[in-house]
Every structure is written in C-alpha cells, then in structure tokens.
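For reference, the structure is listed below as structure tokens.
Proteins get letters first, then strands, A, B, ... in listed order; numbering begins at 1 in each.
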Amino acid sequence: MKQIRAPSSPGAAFYRRDTLQTARDLLGRTLCRRLDGGVVLRGRIVEVEAYDGPDDRASHASRGETPRTAPMFEAGGLAYVYLIYGMYHCTNIVTGAAGYPAAVLLRALESPLEGISTSGPGRLSRALEIDRSLDGASLLGRSLWVERGSPVADGAVRRTPRIGVDYAGRWAKEPYRFVIDGHPALSKRPARRRSD
DNA sequence: GGTGCGATTGCA
DNA sequence: GCAATCGCACCA
C-alpha cells in the first residue's frame, strides 16, 4: 500500500538502511511536526546519535525486546518516544530491518520556532510537542515526518562518542554521535577532557 | 508488590 | 553539585 507524502520526504527505504548511514544522512534535513490544530513546527536536524543493534550496550534494546522498546524492533520509518527521568521525552527515528533493534536519537534542531534553536533531546521534544502519544507513529504519516532540507557535506560532519551513556562500557566510546561541526545548537558535553 | 534508576535539564 | 519525578525493568 502506497503512502501519501510530500515529494521532498524520504520513503520507508531511507529508514530501513544501516543505522549509522541513516543517522548521518538525517543531518541537515528538516523535522516536521503537525499539531492537532494544524500548525506545523519545523526544525533542521543538527545533532543525532545512532543506537545500533542488540549488542549495543548503550541501547535500550540491549536487554531484548520489552513493551517499551518494541518500536525499535519494527522495520525502520516510525518513531520511538520514551519518557526519561520522569519529566522529559526523547524522540527517536527507528531504522533498519524488522527484527533488528536500531534507532536514531534526535538531539538538536536549528530554528524550530522562528529563529529559536533547541539544544538537547528533552528540549527538542518539548519544543515540537512530541510525547509518548507519538510512540510508534509512522514517519510517513501526518503528525511527524522529515523533509529534504539542506544536505550537509562530509567535511561538515563531525563524529563523536554519544552523550550520557558512560555505563555502556566500550560502547560508550563508539563514535555514534553525528553533528554539524561547530553548530551553535549542539548539546553541551558533560565536563570531560579530550576525545570529543 | 517493592525497589532502583535513567539516551536530561535547570538551578544552587 | 545535585534535585526533580515516574515508567518500567527486574527481583521476590
């Protein structure tokens, strides 16, 4: 069954690829959110993190499928939204093939609301009014989707370890965070010398 | 049924 | 440096 979507929006195949590749390719694209009233909020994606596969100890999926992580095990192209610290939501885009748990965490946007940037996944979700009602929602639907935006050259992409996953052993060091180098909206890293 | 904690943020 | 705040993973 063919989905109706804007020509500038990627189809399901875009999300069902390798998670790291999809994460990198999401940089520069526009995240779009339509509110119930019809208003559309948009922001350019400038920071993401990949959570890749069942062995990635930084990923919620590393302990197998649970009610919370079920969306991560679906085929790519839907949202995985969860509540963190009882007060913030984190918005992810599920990637890869069905049965392979993977997703890309959206961490920062540029100008989602008329010149206002959001820094950090909790604030990003709040700015676009994304909560668990969108958990499992299709990225090919009417509430949340991605548009082409402005492509980012390889030279402008910087890779670093992910933030806030120090519990993950060697996986904490994998360069799974992708950012537009030097962008002012990037999350601040917890105090830490070297290796960024 | 009870317990511990987190892919964060803001304030002291 | 640390409190806020609650769903859920895990154990009993």
Side-chain angles (χ1 to χ4, degrees), chain A residues 15 18-27 31 33 43 45-74 76-96 100-110 112-113 116-137 139 144 146 157-180 183-193 195-196:
Chain A
Y15 302 106
D18 173 75
T19 306
L20 296 171
Q21 190 63 55
T22 307
R24 183 258 175 271
D25 289 345
L26 279 169
L27 289 179
L31 180 66
R33 160 82 170 121
I45 299 169
V46 300
E47 176 183 358
V48 299
E49 286 176 356
Y51 289 83
D52 187 24
D55 299 325
D56 179 357
R57 289 215 2 243
S59 171
H60 292 164
S62 64
R63 295 193 222 185
E65 185 171 351
T66 67
R68 179 178 64 152
T69 61
M72 289 190 73
F73 289 75
E74 301 282 319
L78 51 93
Y80 166 47
V81 182
Y82 64 90
L83 183 66
I84 185 71
Y85 294 108
M87 59 186 87
Y88 298 106
H89 294 275
C90 287
T91 303
N92 298 253
I93 294 179
V94 175
T95 55
Y100 184 84
V104 175
L105 171 67
L106 306 178
R107 292 195 59 95
L109 300 181
E110 170 189 314
L113 302 170
I116 301 174
S117 293
T118 65
S119 194
R123 293 161 55 153
L124 180 156
S125 299
R126 188 175 59 191
L128 266 60
E129 299 188 30
I130 295 170
D131 60 24
R132 287 184 304 160
S133 69
L134 287 175
D135 187 35
L139 267 290
L144 190 66
V146 169
V157 175
R158 177 177 169 81
R159 294 182 62 170
T160 82
R162 294 167 290 186
I163 293 176
V165 296
D166 292 342
Y167 56 81
R170 77 172 179 85
W171 290 95
K173 299 179 179 169
E174 293 290 338
Y176 284 3
R177 174 173 175 252
F178 297 77
V179 307
I180 296 180
H183 195 284
L186 302 185
S187 300
K188 278 187 206 154
R189 209 161 169 47
R192 147 178 312 214
R193 313 302 186 216
S195 127
D196 178 75

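Applying the ring-ring contact (aromatic ring centres under 6.0 Å, His included) rule to A:Y88 yields no partners; only residues at least two apart in sequence or on another chain are considered. Here A:E47 pairs with A:R107, A:R177 under the salt bridge (Lys or Arg N to Asp or Glu O under 4.0 Å) rule; sequence neighbours left out. Residues passing the side-chain contact (heavy atoms from CB on, under 4.5 Å) test with A:A103, sequence neighbours excluded: A:M72, A:N92. Annotation: side-chain contact (heavy atoms from CB on, under 4.5 Å) contacts of A:S125 (sequence neighbours excluded): A:H89, A:T91, A:I130. By the salt bridge (Lys or Arg N to Asp or Glu O under 4.0 Å) test, A:R24 is found to be paired with A:D154, residues two or more places apart in sequence or in another chain being considered. Scored by the side-chain contact (heavy atoms from CB on, under 4.5 Å) test, A:L78 finds A:P71, A:E74, A:V94 as partners (sequence neighbours excluded). Under the rule for a side-chain contact (heavy atoms from CB on, under 4.5 Å), the partners of A:T66 that lie at least two apart in sequence or sit in another chain are A:R68, A:T69.
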* How does DNA chain C look in dot-bracket form if you count Watson-Crick and G-U pairs under 3.5 Å, write [ ] for pairs that cross, and put | where a base pairs with another strand? -> ||||.||||||.
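Think of the region where chain A sits on DNA chain B: with heavy atoms and a 4.0 Å cut, that region ends 5' and 3' at B:dG6 to B:dG10.
Sorted by first then second residue, the salt bridge (Lys or Arg N to Asp or Glu O under 4.0 Å) pairs that include residues 118-137 of chain A, not counting sequence neighbours, number zero. Pairs of residues two or more places apart, or lying in two chains, that qualify as salt bridge (Lys or Arg N to Asp or Glu O under 4.0 Å) and include a residue from residues 54-67 of chain A are A:D56-A:R162.
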* Would you mind building the protein contact string for nucleotides 4-12 of chain C? One character per nucleotide, 5' to 3', B for base within reach (heavy atoms under 4.0 Å), S for sugar-phosphate only, - for untouched. => BBBSSSS--
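Backbone-only engagement by A:R126 is indicated by non-hydrogen atom pairs under 4.0 Å involving sugar-phosphate atoms exclusively.
The only option from A:I163, A:V104, A:T160, A:L106 that meets the side chain to side chain contact (heavy atoms under 4.5 Å, CB included) definition with A:E49 turns out to be A:I163.
Using P as the reference atom, C:dT5 and B:dG2 are 22 Å apart when rounded to the nearest Å.
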